[in-house]
Amino acid sequence: MAGPRHPRHYEESFKRQIVQLYENGKPAREIRDEYDISHSTLHRWVQGIRNSGSTKAADNRTPEQNELIELRKRNRQLEMEVDVSEQAAPVFARK
């Protein structure tokens, strides 16, 4: 069952076929109803193909968005390292 914890995963070829239907004039409502795709999903696929030729989120991000993602990853890594150091400090202090 699809939901926030179990999102659906679609093959790239399927996404391209859906976008092609839309580009060829099939109404979005019919596509959404027939293939059980949300409005936002269809819109995201169409915009992605139009903008970069890809439906992959990573291909459609701006350089600033990519930088923000990388900085957040780095921040999480550093926070983990600090937590480990804080937990280890009392152990090493006893020796």
Side-chain angles (χ1 to χ4, degrees):
M1 181 168 117
R5 293 179 184 240
H6 303 285
R8 294 179 184 176
H9 296 282
Y10 300 97
E11 295 293 325
E12 183 72 17
S13 59
F14 174 77
K15 295 175 186 180
R16 289 183 178 283
Q17 289 174 350
I18 296 298
V19 171
Q20 191 64 44
L21 288 172
Y22 180 80
E23 296 289 342
N24 287 337
K26 187 165 187 173
R29 180 175 300 283
E30 285 182 28
I31 294 171
R32 292 192 319 259
D33 291 345
E34 186 174 338
Y35 295 97
D36 192 28
I37 299 170
S38 72
H39 171 76
S40 60
T41 298
L42 178 59
H43 178 74
R44 189 174 60 250
W45 292 352
V46 169
Q47 289 302 104
I49 296 269
R50 286 180 179 169
N51 293 339
S52 70
S54 174
T55 60
K56 296 179 182 172
D59 295 339
N60 291 302
R61 291 187 197 123
T62 65
E64 291 81 15
Q65 289 171 323
N66 285 330
E67 181 182 15
L68 181 59
I69 289 169
E70 289 303 315
L71 289 171
R72 286 180 176 160
K73 284 181 188 177
R74 180 70 177 138
N75 191 41
R76 279 193 303 273
Q77 178 66 34
L78 292 171
E79 286 174 345
M80 274 191 346
E81 290 175 12
V82 167
D83 287 344
V84 168
S85 297
E86 287 174 350
Q87 292 173 8
V91 172
F92 289 116
R94 283 187 248 150
K95 292 184 177 186

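On a predicted model such as this, the values are computed, not experimentally measured, just so you know.
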A.B. asks: To the closest 0.5 Å, what do you measure between CD1 (I37) and CZ (F14)?
C.D. replies: 4.0 Å
A.B. asks: Could you check whether any side-chain heavy atom of Y22 comes within less than 4.5 Å of a side-chain heavy atom of W45, counting everything from C-beta outward?
C.D. replies: no
A.B. asks: Please step through side chain to side chain contact (heavy atoms under 4.5 Å, CB included) for the pair Y10 and I18, ending with a clear verdict.
C.D. replies: CA-CA 11 Å; Y10 300 97; I18 296 298; over 6 Å; no
A.B. asks: Can you spot which of R44, R16, Q20 makes a side-chain contact (heavy atoms from CB on, under 4.5 Å) with I49?
C.D. replies: R16
A.B. asks: V46 vs E23, test: side chain to side chain contact (heavy atoms under 4.5 Å, CB included). Steps then yes/no.
C.D. replies: CA-CA 8 Å; V46 169; E23 296 289 342; 3.9 Å; yes
A.B. asks: To the closest 0.5 Å, what do you measure between CD (E12) and CD (Q17)?
C.D. replies: 11.0 Å
A.B. asks: Side chain to side chain contact (heavy atoms under 4.5 Å, CB included) with E34: which residues, sequence neighbours excluded?
C.D. replies: K26
A.B. asks: Are the side chains of D83 and E86 in contact, using a 4.5 Å heavy-atom criterion?
C.D. replies: yes
A.B. asks: Under the rule for salt bridge (charged side-chain N to carboxylate O under 4.0 Å, His left out), what residues qualify as partners of E70, not counting sequence neighbours?
C.D. replies: K73
A.B. asks: Just verifying a value: how many Å separate L71 CG and R76 CZ, rounded to the nearest 0.5 Å?
C.D. replies: 11.0 Å
A.B. asks: Just jot down the side chain to side chain contact (heavy atoms under 4.5 Å, CB included) partners of E81, sequence neighbours excluded, or say none.
C.D. replies: Q77, L78
A.B. asks: Output the distance between atom CG (L68) and atom OG1 (T62), rounded to the nearest 0.5 Å.
C.D. replies: 9.0 Å
A.B. asks: To the closest 0.5 Å, what do you measure between CZ (R29) and CG (L42)?
C.D. replies: 12.0 Å
